[in-house]
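Read through the structure below, which is laid out as structure tokens, and then see the notes.
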Amino acid sequence: MFTLLNRTSAKNIPKLVTKPSLSIPCCTLTTSPSEPLLPITQDAYLVNLILKSDSEALTREILHNPIVGWAPDLVNKVLKLLWNHGPKALQFFKLLDHHPNYAHSSSSFDHAIDIAGRLRDYKTLWTLVARMRSCRLGPNPKTFAIISERYVSAGKPDRAVKVFLSMHIHGCPQDLNSFNTILDVLCKSNRVEKAYNLFKVCKGRFKADSVSYNIIANGWCRIKRTPKALEVLEEMLKKGLNPSLATYNIMLKGYFRAGQIKEAWEFFLQMKKRKCEIDVVTYTTLVHGFGVVGEIKRAQKVFNEMVVEGVLPSVATYNALIQVLCKKDSVENAIVVFEDMVRKGYMPNSITYTVLIRGLCHAGEMERAVELMNRMKDDECEPNVQMYNIIIRYFCDAGEIEKGLNFFEKMGSENCLPNLDTYNILISAMFLRKKSDDLLVAGKLLIEMVDRGFLPRKFTFNRVLDGLLLTGNQDFAKEILSLQSRCGGLPRQIKL
DNA sequence: ATAGGGTTAG
């Protein structure tokens, strides 16, 4: 297992970390007198407008409102905010495509294609690709990366491979980069066998490089098949391609994933012994790896020792430690680490908050979880769908259905659109109290989710239908039944 | 959006 380590690793190139600017251009438009007169960002204003307008009003606002100066950046922001409202997003995109003075940019096309793919609306997807081409804006390698990913996550990896092999027909020739991308897309969805087959067939044609090999090795590691990963890397060495620190970190993580804790530690010791440049990723892998198997003391020991070795922890390292403390130790100790990181000047990110909020909820500390959620806004961090889903789920589980519903309403007013999970969580909760009014709410939620492009499972439909029939809501049940038959032909929507 | 570390609860 250590032959890999006999080679010198490539120089580790420091990564330039740039922080994206968080300032958002403000719009002086005010919505209506009943709403707060605070300056509202233009993208948020438009999203609200799009969500509440019928198609006639929308045409008027999008095409003929002279106050809105359309620009690619603004369009992309709107599309992003409408991420969990696919049909409306596509309606908006198509409408704006007919604007007299505005033409879509290539990145907006990519966004729209992504959304169509998520809705599994492949007809629209390929229409957009054709339209993009006729505007001479692509499609580009990124477009195909998006399309492949959508096919793979819809359970159609063969279609993804086919799309890759026919890229050139759409005016975008394949190269090593796009080859590596499709391999990675397949591996990240655990279709490693498929990736490996494609790799074997095409590695000569595209001159597979060490990145290709790393992607495949990581794929085998993801599905806990470390021997296959080692085999692939041996082949890489035979080809004269050098492993890099990324290669070693992939294997290290692979051992942890496969539960080979002893091997992981041995591998790390060998890395050290053979003068590999060990970096923050290596240490984060160790902290997380030891933590998830409950070896908290060792995780903390590694965390403390890395500084001695001259490697500073990153936010990700802190997140790893905080997470494992929440899971295997106590949320109180996790908070201690969180406060320590803040004191040292680290800026917690949304993962830090998600992990801590879940930890607090799990410990039954709902008030503190909510408090933290309010406090994170001071750190230029907005609560996201996942956090709302956690809070809503735990409140519902604790029997506080009203509080769950309150948070659901709150997210609507904060430009955080519910996703499939949100609806499933809430609909399930509507059966807990055995109240007939709750079932009416469940029915309304079901209608709303379909409207937003999410397809409920058959189980969900049946449950709501049964509930409505049992509580004497025959008319509403009929409405739901016709909704279900209208959904029959629709493809199933998956979560993010 | 070409590779390695940190959310995802049966």
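Predicted model, so just to flag it, every value in this text is computed and none were measured. Letters go in sequence order (proteins before strands), and every chain restarts at 1.
A donor N or O paired with an acceptor N or O is not found under 3.5 Å between the base of B:dG6 and the side-chain atoms of A:T352.
For the atom pair A:K203 NZ and A:L183 CG, the distance stands at 11.5 Å (nearest 0.5 Å).
One finds a side-chain N or O of A:H288 lying less than 4.0 angstrom from the OP1 or OP2 phosphate oxygen of B:dG6. OP1 or OP2 of B:dT8 has at least one side-chain nitrogen or oxygen of A:K327 nearer than 4.0 Å.
Summarising the geometry, the separation between CG on A:N419 and C1' on B:dA9 is reported as 14 Å, rounded to the nearest angstrom. Atom CE in A:M341 sits about 15 Å away from atom P in B:dG6, given to the nearest Å. Rounded to an integer number of Å, the gap from CD1 of A:I392 to P of B:dT8 is 17 Å. Between the CG atom of A:D397 and the C1' atom of B:dA9 there is a distance of 9 Å, rounded to whole Å. Computed from coordinates, the A:N214 CG to B:dG5 P distance equals 11 Å when rounded to whole Å. Summarising the geometry, the separation between CG on A:N349 and P on B:dG5 is reported as 15 Å, rounded to the nearest angstrom. A:Y353 has its OH atom 20 Å from the C1' atom of B:dT8, to the nearest Å. Remark: C1' of B:dT8 and NZ of A:K188 are 17 Å apart, rounded to the nearest angstrom.
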### Task
Begin from the C-alpha positions of A:E235 and A:K200 and carry the test salt bridge (Lys or Arg N to Asp or Glu O under 4.0 Å) through to its verdict.
CA-CA 12 Å; A:E235 183 191 317; A:K200 279 193 291 194; over 6 Å; no

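No contact: A:V287 has no heavy atom under 4.0 Å from any strand. The residue A:T282 sits apart from the nucleic acid: no heavy atom pair falls under 4.0 Å. Within the 4.0 angstrom heavy-atom criterion, base atoms lie near A:V315. In this structure, A:N177 reaches the bases: a heavy-atom distance under 4.0 Å links it to at least one base atom across the strands shown. Residue A:I146 is classed as a base contact, given a heavy-atom separation below 4.0 Å to a base. Across all strands shown, A:I215 has heavy atoms under 4.0 Å from sugar-phosphate atoms exclusively, and none from any base. Among the heavy atoms of the strands lying under 4.0 Å from A:I390 is at least one base atom, whether or not backbone atoms are also near. Residue contacts shown for A:K142 include a base, since a base heavy atom lies under 4.0 Å away. A:S212 comes within contact range of no nucleotide atom at all, as no heavy-atom separation falls under 4.0 Å.
With B:dA3, B:dA9, B:dG5 as the candidates, the nucleotide lying closest to the side chain of A:A316 is B:dG5. Distances were taken from every side-chain heavy atom of A:R257 (C-beta onward) to each of B:dG5, B:dA9, B:dT2; the shortest belongs to B:dG5. Taking only side-chain atoms of A:V211, from C-beta outward, the nucleotide of B:dG5, B:dA3, B:dA9 with the closest atom is B:dA3. If you check B:dG5, B:dA3, B:dT8 against the side chain of A:Q386, the one that comes closest is B:dT8.
For A:N190, the side chain to side chain donor-acceptor pair (under 3.5 Å) partners at least two apart in sequence or on another chain are A:R222.
The six-membered or imidazole ring of A:F290 lies near that of A:F256, with a centre-to-centre distance under 6.0 Å.
Listed by first and then second residue, the salt bridge (charged side-chain N to carboxylate O under 4.0 Å, His left out) pairs that reach into residues 177-199 of chain A are A:D158-A:K194, A:D184-A:K188, A:E193-A:R225, sequence neighbours excluded.
Taking the six-membered ring for Trp and thresholds of 30 and 60 degrees, A:Y388 and A:F407 have ring planes inclined between 30 and 60 degrees apart.
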